[in-house]
Amino acid sequence: MPNPYLDWIVYQKLCQGEIKLPSTMAKRLTCQYLTGEHPFLRYAAIKMEYLYRDPDIVMYYDVLTGGVKPANFRISKYGALSDKASPTVAQVSRRVSAFTNFDMSSAEPLQVVNYGIGGHYTPHYDYYRPNEESITDEDGDRIATVLFYMSDVAQGGATVFLDIGVSVFPVKGAALVWMNLHRSGEGDLATRHAACPVLLGSKWAGNKWLHESGQEFLRPCGLEYQSADMHLKLPRNVPTTIS
Ligand SMILES: O=C(O)CCC(=O)C(=O)O
Ligand SMILES: [Fe+2]
């Protein structure tokens, strides 16, 4: 486990956007317009930007153009919406499949969350740790996370990856996508992440967790297994001076 004191310092620095990626990683990051056969992509190419490689963390811009609005009849801090709930929710799923190319039949319902001032989420993994009970065994683990930013946040509210030193500040209408599992199916320890406190404004986010089942041909599994000490080899981006 990471040193809790250093972890706290790194968290704070990432939340303030003060940790830069090493140039070896920055050089590997590309931007492109996603085009393809899917009707949604033919209608409008999506801008995608790699924010990290292996684990791949990708931002897709303008994927929600006014599509999801919080309902005015029920405002709560948290809600899960199935595709059957409304055509808009089903449309979000279709859009995710258009830009990720993943199969949506094993995905969880869209989880919509609102963080007020001070709202945050402490560091965690989205996949099930070996000692945790899986809620959907038959569909496998959460292979990827799709995090929609449904609002801009005036200040704070970044999504940060503590062990690889990545900060992502919310951009309304964008979706952040990352792979949680190695190709072998084991959880990737480098995906440990947190939501930073909202300092000003409010943050609306939507989570869509994609599961392994149905992706066999879309993302073939690999044979390399994660060794027990793999986390020790992560490219840690711990600041060298602590003030
Ligand atoms: O809202 C965020 O930035 C991250 C949320 C998150 O990690 C989660 O809901 O699992
Ligand atoms: Fe998460």
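Index from 1, following the sequence.
- Side chains of Q111 and W209 form a contact here, defined as non-hydrogen atoms less than 4.5 Å apart.
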Audit row: L147, W178, side-chain contact (heavy atoms from CB on, under 4.5 Å) steps and yes/no:
CA-CA 9 Å; L147 175 63; W178 68 88; 4.2 Å; yes
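- Atom-to-atom distance recorded for R192:CZ and L162:CG is 5.0 Å, nearest 0.5 angstrom.
- Looking only at side-chain heavy atoms (C-beta outward), F102 and V96 stay at 4.5 Å or farther from each other.
- The shortest heavy-atom contact between V89 and L81 is CG1-O, 3.6 Å.
- Inter-residue side-chain proximity for Y128 and R142 is flagged as met; some heavy-atom pair is nearer than 4.5 Å.
- Within the structure, every pair that satisfies the disulfide (SG to SG under 2.5 Å) test and touches residues 173-205, not counting sequence neighbours, is listed here: C15-C196.
- Between the D56 side chain and the D54 main chain, a donor and an acceptor come within less than 3.5 Å of each other.
- In this structure, Y149 and V168 have side chains that are in contact, with non-hydrogen atoms separated by less than 4.5 Å.
- By the rule that hydrophobic residues join a cluster once side-chain heavy atoms approach within less than 4.5 Å of another member, L176 and L29 end up as members of one cluster.
- Residues N3 and W8 fail the side-chain proximity criterion, which asks for heavy atoms closer than 4.5 Å.
- Note: M179 CE to T145 OG1 = 9.5 Å, rounded to the nearest 0.5 Å.
- Residues I9 and K13 have side chains in contact (heavy-atom distance under 4.5 Å, counting atoms from C-beta outward).
- Considering every non-hydrogen atom in both E49 and C31, the closest pair reads CG-SG, 3.8 Å.
- Heavy atoms only, all atoms of each residue included: P170 and G156 are closest at CD-O, 4.3 Å.
- Follow the hydrophobic side-chain contacts under 4.5 Å out from L21 and you reach F161 in the same cluster.
- The backbone N or O of H211 lies less than 3.5 Å from no partner atom in the side chain of D141, so there is not a single donor-acceptor pair.
- Inter-residue side-chain proximity for S167 and V160 is flagged as met; some heavy-atom pair is nearer than 4.5 Å.
- Scanning for side chain to side chain donor-acceptor pair (under 3.5 Å) contacts around H124 gives D126, H193, with sequence neighbours left out.
- Not counting sequence neighbours, E18 has no partner by the side chain to side chain donor-acceptor pair (under 3.5 Å) test.
- Across Y115 and A195, no two heavy atoms sit closer than the pair OH-CB, 3.9 Å.
- Side-chain contact between I57 and I164: present, with at least one pair of heavy atoms (C-beta onward) separated by less than 4.5 Å.
- Remark: L200 CG to I117 CD1 distance equals 5.5 Å, nearest 0.5 Å.
- Distance alone, capped at 3.5 Å, is enough to place a donor-acceptor pair between the S106 side chain and the S213 backbone.
- Residues V112 and V171 are members of one and the same hydrophobic cluster, defined by side-chain heavy-atom contacts under 4.5 angstrom among Ile, Leu, Val, Met, Phe, Trp and Tyr.
- In the hydrophobic clustering of this structure, F169 does not group with L199; members are Ile, Leu, Val, Met, Phe, Trp, Tyr whose side-chain heavy atoms approach within less than 4.5 Å, directly or through other members.
- Under 3.5 Å, the side chains of T122 and Y11 contain no donor-acceptor pair of N or O atoms.
- With rounding to the nearest 0.5 angstrom, the CD atom of Q12 is 11.0 Å from the CG atom of D7.
- From L34, atom CG reaches atom NZ of K47 across 13.0 Å, with rounding to the nearest 0.5 Å.
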Check the pair F148, L110 against side-chain contact (heavy atoms from CB on, under 4.5 Å), reporting the backbone distance first and the verdict last.
CA-CA 10 Å; F148 289 101; L110 180 70; 4.2 Å; yes
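- Considering only residues two or more places apart in sequence or on other chains, Y60 meets the ring-ring contact (aromatic ring centres under 6.0 Å, His included) condition with F99.
- Not a single side chain to side chain donor-acceptor pair (under 3.5 Å) links T191 to another residue, sequence neighbours left out.
- How far CE of M25 is from OH of Y50: 12.0 Å, rounded to the nearest 0.5 Å.
- Closest non-hydrogen pair, A107 versus K208, comes out as CB-CE, 3.9 Å.
- Within the 3.5 Å criterion, the main-chain N or O of V63 finds a donor-acceptor partner in the side chain of R95.
- Residues G165 and L14 share a closest heavy-atom pair of C-CD2, 3.5 Å.
- With respect to Q215, the side chain to side chain contact (heavy atoms under 4.5 Å, CB included) criterion is satisfied by exactly one of L181, T100, D103: D103.
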Could you please spell out the steps behind the side-chain contact (heavy atoms from CB on, under 4.5 Å) verdict for T159 and K203?
CA-CA 11 Å; T159 308; K203 174 178 171 186; 4.2 Å; yes
Hey, mind stepping through V146 and L210 against side-chain contact (heavy atoms from CB on, under 4.5 Å) and telling me if it holds?
CA-CA 8 Å; V146 182; L210 310 185; 4.1 Å; yes
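- With sequence neighbours left out, D152 forms a side chain to side chain donor-acceptor pair (under 3.5 Å) with no residue at all.
- Within the 3.5 Å criterion, the main-chain N or O of M104 finds no donor-acceptor partner in the side chain of S97.
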